[in-house]
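Here the structure is laid out as structure tokens; the discussion comes afterwards.
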Amino acid sequence: MSVIGIIAISAAVAALTGVGAALGMSMATGRAVESIARQPEAAGKISSSLMFGLIMMETCAIYGLFVAILLIFVMPGQVPV
Amino acid sequence: MPEISIMPHRVHLLSTEVGASVVMGWCVTLLLIVFCVVINRRIRRFTDTPSGFQNVIELAVESVYRFAHGKVGHNADFCAPVVLTLMTFVSAATLVELFGLPPATEDLSCTLALGLITFSLVNITALKEFGLRRRVARMASPVFVVLPIRVMTDCVAPISMALRLFANVLVGGIIMKLIYSVIPLVVPAVLSVYFNLIHVAIQTFVFGLLTLNYTMEATE
């Protein structure tokens with residue numbers, strides 16, 4: 001297997017953080033909707049803390065994506081091909 | 001394959017070399033200063049019954065103030081102007097992407113500077129609220145052992161904000177470039193509404209929200 005191939009596979013593995021972030025986001029949103037349905041008067045507070053949690057999860061996904069981008073666009077220049 | 005690089009493009013300027021994003025940052029700053037002067041002129045002619053332009057300005061300022069008040073309480077008058085300035089700069093510096101120019105926020109040093117502004121805002125507000133002794137005491141509660149962990153968490157916050165904004169803008173740009181190189185007709189126009197407009201709006205909101213949230217955590 002060539003070096004470029006290994007870099008491509010490692011970038012794909014790094015981008016798998018998206019799976020975890022998507023699962024977390026779906027769970028958090030589902031629970032938030034449930035709790036709003038149970039207690040609609042708390043909707044404002046629930047959605048603001050949901051927003052904060054979603055941002056944190058999104059950051060996690062973005063880190064994975066960032067590592068993948070670094071691998072694809074920076075690594076090939078660093079190693080002898 | 002489109003030309004993609006993590007580092008900003010370098011341009012020659014007055015016998016020295018600076019990043020294209022730095023020049024764009026200066027341009028955006030100049031533009032915003034001119035905009036501010038114009039608004040300052042118009043403010044004297046504002047009336048009690050707002051209309052047109054005055055509505056937009058009042059809506060932006062009032063919503064940020066109200067939002068800040070909900071988060072940081074009586075510190076809102078100190079924090080809200082900074083947050084509004086940061087949000088204006090982030091959105092303006094990123095929206096230049098619509099004109100095909102390199103956005104200033106596509107440079108890690110720019111976003112790190114913005115993150116450090118947030119860091120100083122958080123700490124200055126907390127010091128104003130509690131004073132040095134009580135601030136340290138609050139960070140060391142309930143056990144002294146948590147102090148280094150708290151300090152580390154606080155110091156990582158600006159880096160995390162910088163990386164988040166940088167990676168979001170960079171990835172938006174890369175995705176648009178890839179789409180342009182595959183289908184150069186119609187489709188990029190539709191997708192660019194998301195990647196260049198809604199994405200920027202979300203990131204601007206996120207930046208303001210996080211700044212206020214960190215301030216709230218430090219002062220409550």
Side-chain angles (χ1 to χ4, degrees), chain A residues 2-22 24-26 28-29 32 36 39-79 81, chain B residues 1-9 63 66-72 105-108 111-112 115 118 153 156-178 195 198-199 201-217 220:
Chain A
S2 68
V3 176
I4 293 288
I6 294 174
I7 288 174
I9 289 174
S10 54
V13 172
L16 283 181
T17 38
V19 176
M25 279 180 169
S26 61
T29 314
I36 288 177
Q39 213 174 354
E41 61 270 20
K45 279 191 173 176
I46 292 172
S47 49
S48 83
S49 38
L50 170 71
M51 197 69 210
F52 190 68
L54 285 185
I55 292 169
M56 288 299 149
M57 285 175 241
E58 194 225 10
T59 312
C60 184
I62 283 286
Y63 284 168
L65 192 58
F66 190 55
V67 170
I69 284 174
L70 284 183
L71 280 170
I72 293 175
F73 294 113
V74 178
M75 274 300 274
Q78 308 285 317
V79 290
V81 180
Chain B
M1 193 72 185
E3 181 76 24
I4 291 165
S5 122
I6 306 287
M7 299 302 287
H9 216 68
S63 54
R66 205 178 313 124
F67 193 62
H69 196 80
K71 288 277 179 198
V72 292
T105 40
E106 211 178 62
D107 188 351
L108 190 53
T111 54
L112 191 59
T118 298
T153 316
V156 164
I159 299 170
S160 147
M161 285 179 85
L163 273 178
R164 174 184 302 121
L165 184 58
F166 168 67
N168 266 303
V169 176
L170 184 78
V171 167
I174 288 178
I175 291 175
M176 279 320 292
K177 272 178 199 159
L178 290 176
F195 285 113
I198 300 176
H199 210 68
I202 293 174
Q203 283 319 306
T204 309
F205 174 68
V206 162
F207 206 87
L209 176 72
L210 278 180
T211 307
L212 287 173
N213 245 317
Y214 286 132
T215 319
M216 183 182 79
E217 268 171 31
E220 73 186 352

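Computed over heavy atoms, backbone and side chain alike; hydrogens, waters and symmetry mates excluded.
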Nearest 0.5 Å please: distance from the [atom1] atom of [X] over to the [atom2] atom of [Y].
X: A/Phe73; Y: B/Leu170; atom1: CZ; atom2: CG; result: 8.5 Å
X: B/Leu163; Y: A/Ile62; atom1: CG; atom2: CD1; result: 10.5 Å
X: B/Ile174; Y: A/Leu65; atom1: CD1; atom2: CG; result: 8.0 Å

Can you tell if the side chain of B/Val171 reaches within under 4.5 Å of the side chain of A/Ile69, non-hydrogen atoms only?
yes

field: Max heavy-atom pair count under 4.5 Å with chain A, selected residue of B/Asn213, B/Val206, B/Ile202
entry: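 Among the listed options, the one with the most contacts to chain A is B/Asn213.
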
Filtered by a 4.5 Å non-hydrogen cutoff, the part of residues 12-20 of chain A contacting chain B is none

Residues of residues 45-52 of chain A with a heavy atom under 4.5 Å from any heavy atom of chain B, in residue-number order, are A/Ser48, A/Met51, A/Phe52

Smallest heavy-atom separation, B/Ala167 atom then A/Phe66 atom, equals CB-CD1, 4.0 Å

